[in-house]
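Notes follow the structure.
For ligands, and for the atoms within them, numbers begin at 1 and follow the listed sequence. Just so you know, these numbers come straight off a predicted model, no measurement behind them.
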Amino acid sequence: MKRTDYISWDEYFMGISLLSGMRSKDPSTQVGACIVDMDNRIVSIGYNGFLNGCSDEDFPWEREGDFLNTKYPYVVHAEQNAILNARGKNLEGCSIYVNLFPCHDCARNIIQSGIKKVYYLDDKYKDTDSTKASKFMFEKAKVECIRLKPRTEKIEISFKTQD
Ligand SMILES: Nc1nc(=O)n([C@H]2C[C@H](O)[C@@H](COP(=O)(O)O)O2)cc1CO
Ligand SMILES: [Zn+2]
């Protein structure tokens, strides 16, 4: 008889986003994104971090202070990294799973890339103009935004072996 406690597609893809976000070195917010095609194949993955080929040590993780001394001008968002990691593959009709609602900059890129669905978990910046602009653009561009309501709060993975 087949197992009944297997994880759903949504839990699987959001789980992969969360696991990817665990690679992030951002001390305050870790974000992961997973792009999936219409056949439930993973096309690309990303998380928020500094620039390829540059030492992380050269950039600040500060949230406050002079703009140039904060992370904000330098950090590449998870969604943006996922889109760019696809290396130009056609993303038309794909979905993106991201554990935090996309900012306005990522929203523009998501729309322009052809992604048609955004699955998200957290909306902690919902009162910001950036998120309001994202929602306005997604609505105009007919990109569907779906807040996932997971069945469980936690999924555990184990590296334990049986030998
Ligand atoms: N959707 C998102 N994807 C992301 O990758 N990020 C990243 C950018 C920063 O590294 C961090 C937000 O930092 P903070 O302002 O919560 O300390 O998360 C942020 C958002 C929120 O719009
Ligand atoms: Zn963003």
Mode of [X] contact toward ligand 1 - side chain, backbone, both, neither (heavy atoms, under 4.0 Å):
| X | value |
| --- | --- |
| R63 | side chain |
| L100 | both |
| K71 | side chain |
| E79 | side chain |

Neighbour count above 12 (heavy atom, 6.0 Å) for [X] [atom1]:
| X | atom1 | value |
| --- | --- | --- |
| F136 | CZ | no |
| D56 | CG | yes |
| R147 | CZ | yes |
| Y12 | OH | no |
| K135 | NZ | yes |

Within the 4.0 Å heavy-atom shell around [X], which atoms of ligand 1 are there?
| X | value |
| --- | --- |
| Y125 | 14 (P), 15 (O), 16 (O) |
| S28 | 14 (P), 17 (O) |
| C103 | 1 (N), 22 (O) |
| V75 | 8 (C), 9 (C), 10 (O) |
| F101 | 1 (N), 21 (C), 22 (O) |

Classify the side-chain pair [X]/[Y] by whether it contains a donor and acceptor separated by less than 3.5 Å.
| X | Y | result |
| --- | --- | --- |
| S17 | N99 | no |
| S8 | D10 | no |
| S134 | H104 | no |

Ignoring hydrogens and angles, tell me if any N or O in the side chain of [X] forms a donor-acceptor pair with the backbone of [Y] under 3.5 Å.
| X | Y | answer |
| --- | --- | --- |
| D26 | Q30 | no |
| N109 | D105 | yes |
| T128 | Y125 | yes |

Inset, instruction - Could you please tell me which protein N, O or S atoms lie under 2.8 Å from the Zn ion (ligand 2)? - result: H77 ND1, C103 SG, C106 SG

[atom]: the protein heavy-atom neighbour that sits closest, reported with distance to 0.1 Å:
| atom | value |
| --- | --- |
| atom 15 (O) of ligand 1 | Y72 OH, 2.5 Å |
| atom 12 (C) of ligand 1 | T29 CB, 3.7 Å |
| atom 7 (C) of ligand 1 | N48 ND2, 3.5 Å |

Inset, instruction - Side-chain contact test, heavy atoms from C-beta onward, threshold under 4.5 Å: evaluate it for C94 versus K116 and give yes or no. - result: no

Legend entry - ILVMFWY cluster, L84 and I42 together (side-chain gap under 4.5 Å): no

Inset, instruction - Pick, from A33, A78, S134, A82, the option with the minimum heavy-atom distance to atom 5 (O) of ligand 1. - result: A78

Legend entry - ligand 1 N/O within reach of V31 N/O, cut-off under 3.5 Å: no

Legend entry - Sub-3.5 Å N/O-N/O distance, W61 and ligand 1: no

Could you tell me whether ligand 1 has any atom less than 4.0 Å away from a heavy atom of [X]?
| X | answer |
| --- | --- |
| D26 | yes |
| P102 | yes |
| Y47 | no |

Inset, instruction - Give me the one residue out of F101, F13, Y97 that meets ring pair (Phe, Tyr, Trp, His ring centres under 6.0 Å) with Y120. - result: F101

Inset, instruction - Report the residues that fulfil salt bridge (Lys or Arg N to Asp or Glu O under 4.0 Å) with D163, sequence neighbours left out, ordered by chain and then residue number. - result: none

